[in-house]
Amino acid sequence: MADDKALTPRSEDFSAWYNEVVLRAELADYSPVRGSMVIRPWGYAIWENMQRALDDMFKATGHENAYFPLLIPMSFIEREKEHVEGFKPELAVVTHAGGKELEEHLVIRPTSETVIYSMYAKWVQSYRDLPVLMNQWANVMRWELRTRLFLRTSEFLWQEGHTAHATEAEAEEETLLILDIYRRFMEEWIAMPPVTGLKSESERFAGAVRTYGLEAMMQDRKALQAGTSHMLGQNFSRQFGLTFQSEEGQEEYAWNTSWGVSTRLIGGLVMSHGDDRGIVVPPKLAPAQVVMLPIFRSDDDREAVFGACNRVAGALSEAGVRVRLDDRTHLSPGARFWEWERKGVPFRVEIGPKDLEKGQVVVARRVHGEGEDRKMFLPESEAIGRMPGLLDELQAHLLETARTRRERDSVRGGVESVEALGEALDDGAGFVYTGWSGDPAVEERVKEVTKATLRVIPSEEFRSGSAPERCLGGEPSKMEVVWARAY
RNA sequence: CGGGGCGUGGCGCAGUCCGGUAGCGCACCUGCUUUGGGAGCAGGGGGUCGCCAGUUCGAAUCUGGCCGCCCCGACCA
């Protein structure tokens, strides 16, 4: 870009835009170790808001937090066959400690099923000890060759829930409950409406019986797997001796579930709502929902302007709005406008000498509709009174916009061959709904020809009005599926 | 792991071909003037030129080795 103050426009190079906006909104930065990142205060505050909301939802449904260790004995990972095969290529292993090679190498957790279920085995004796409903907030490590800030780094932060149940039906119910919590969280908080459903065999979590996923469509129409919820069956309980005595006195294996979302959600937030000026943080997650921006010419103005700013900030805070006062005087107003827009703060309240004269304040919106003015000139009390409503409206607007975009860029029906799928994707389709026979060979061929993967077998409410008759290979369709190129 | 590119103040780069006291823009610091959409002027600080060895009176520049990073293709929350 000739003007290095501006971001590369999304239309020119989405991927360059993403990298720039993450760095320049001060969400994160590269660290000295390839593939790991530093999450900066602005980014971490968004994560903390996400954590709080999700944590409340987990607690409200009876889950408790705990913490399990970072290091896992290699032999644990190796216990479940599919699990080890899935994770082996991504493991980071501690081989030396205390100046000596360790007798048993330790894996830095890529996920914690193995340790957690080995502990559950110790704690659970009877059906009366079930269900066990735990969650942990932790970092995990999966060695990656190609990394991108938030979307794919070797180390990332997440939550992983792990539960144990007496019956298959209860475990299945738990898996779907969490899927619904994730879905509500993504819609209501991130304003990022996913398509939910079942993953195909090839995309299933290593060691699970079934994996459910949530797929969100980014502005470049690519799919982002935003969360997963796994029904683990008795695979892990058999390997770790997680048994209980049933009401009838029988020894039985418990049924497990595990589920997680990660800091990848921040990448999803950025790619869902960002524009060429920067990111847009949905009000419910914004570290600051309103920035107060004093503007003044002389020292005389200064006191009066700051007085008014503090007064308005106090009143907004009283009204439950998260406010931040930008009292930096060495930057011009323009410079400060751009900075907060880049960081995605929903509203700015500007107060200068002219406003004091007129008894008004300026409310500038980060996002405004066609024909809507960026700035509103309102009496102080009205600005304060209307702010909570404006925040709610923006939250709703972001969700609506994202949902409309998702459906606009989805193709339902009419695609009945692998070639047609490729053309649809090249023509700008994001999610393409087609029939599928259940044959993995079709997935392979689609991937080879179009680079798209089977994202999800959609839950009922996301399915098309009429079920497709043919699979892409021509054979009769057994189910509808969603294809997309994915992150 | 395969292909391509790059390592020079915090960031972006020039200088390397053709060896001769390290430079530009932005950022930073100080002062004054400024402040309603990325302020101006003046002064100033900061770099073992990725690392190691070699050639040379002299190396950012030439030679050899090593290391690291970024981008593009196969696996993944």
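In what follows, chains are A, B, ... by sequence order, proteins preceding strands, each numbered from 1. We use all heavy atoms of the structure for the numbers below, so side chains are in, but hydrogens, waters and symmetry mates are not. Please read all numbers here as calculations on a predicted model, not as lab measurements.
- Residue contacts shown for A:Arg374 include a base, since a base heavy atom lies under 4.0 Å away.
- A:Ser202 comes within 4.0 angstrom of nothing in the nucleic acid, heavy atoms only.
- Rounded to whole angstrom, the span from the CH2 atom of A:Trp143 across to the C1' atom of B:rC75 amounts to 16 Å.
- Nearest to the side-chain atoms of A:Gln225 among the listed nucleotides B:rA74, B:rA77, B:rU35 stands B:rA77.
- Atom CG of A:Leu454 is separated from atom C1' of B:rC76 by 17 Å (rounded to the nearest Å).
- A salt bridge (Lys or Arg N to Asp or Glu O under 4.0 Å) with A:Glu339 is found for one member of A:Arg348, A:Arg24, A:Arg328 and no other, namely A:Arg328.
- In this structure, B:rU30 forms a base pair with B:rA42, meeting either the Watson-Crick or the G-U wobble geometry with both donor-acceptor distances under 3.5 Å.
- Residues A:Pro283 and A:Leu398 form a side-chain contact, since some pair of their non-hydrogen atoms from C-beta on lies under 4.5 Å apart.
- No hydrogens or angles were tested; on distance alone, a donor-acceptor pair under 3.5 Å links the side chain of A:Lys375 to the base of B:rG37.
- Between A:His330 atom NE2 and B:rC32 atom P the separation is 16 Å, expressed in whole Å.
- Across all strands shown, A:Gly260 has no heavy atoms under 4.0 Å from either base or sugar-phosphate atoms.
- The residues A:Arg52 and A:Asp56 are annotated as not salt-bridged, no charged nitrogen and carboxylate oxygen being separated by less than 4.0 angstrom.
- In terms of polar N and O atoms assigned as donor or acceptor, the side chain of A:Glu339 never comes within less than 3.5 Å of the base of B:rG38 in a complementary pairing.
- The residue A:Trp338 sits close to a base: some heavy atom pair falls under 4.0 Å.
- Residue A:Arg148 is classed as having no contact, given no heavy-atom separation below 4.0 Å to the nucleic acid.
- Residue A:Lys447 has its side chain nearest to B:rC75 when only B:rC76, B:rU35, B:rC75 are considered.
- Counting to the nearest Å, the C1' atom of B:rG38 and the CH2 atom of A:Trp340 are 15 Å from each other.
- The nucleotide whose nearest atom lies closest to any side-chain atom of A:Asn19 is, among B:rG37, B:rA77, B:rC71, B:rC71.
- For B:rU35, the OP1/OP2 oxygens have a side-chain nitrogen or oxygen of A:Arg297 closer than 4.0 Å.
- For the pair A:Lys199 NZ and B:rC76 P, the computed distance is 11 Å after rounding to whole Å.
- Atoms CE and OG1, on A:Met37 and A:Thr147 in that order, are 10.0 Å from each other to the nearest 0.5 Å.
- Whole-Å rounding puts the A:Leu23 CG to B:rG10 P distance at 18 Å.
- A cation-pi arrangement, defined by a distance under 6.0 Å to the six-membered ring centre and an angle within 45 degrees of its axis, is absent between A:Arg10 and A:Phe14.
- Side-chain N/O atoms of A:Arg152 and base N/O atoms of B:rC76 include a donor-acceptor pair closer than 3.5 Å.
- In this structure, A:Phe337 does not pack face-to-face on the six-membered ring of B:rG37, missing the 5.5 Å centre cutoff or the 30° plane limit.
- Contacts of A:Arg302 with the nucleic acid, taken as non-hydrogen atoms under 4.0 Å apart, are absent.
- With hydrogens and angles ignored, no donor-acceptor pair closer than 3.5 Å exists between the side chain of A:Arg336 and the base of B:rG36.
- The listed nucleotides are B:rA77, B:rU35, B:rG37; the one nearest the side chain of A:Ile295 is B:rU35.
- At a threshold of 4.0 angstrom between heavy atoms, the contacts of A:Val261 with the nucleic acid are absent.
- If you take NZ of A:Lys88 and P of B:rC76, they are 17 Å apart, rounded to a whole angstrom.
- The interatomic distance linking A:Glu443 (CD) with B:rC76 (P) rounds to 12 Å, in whole Å.
- Salt bridge absent: A:Lys451 and A:Asp426 never bring a charged side-chain N and a carboxylate O closer than 4.0 Å.
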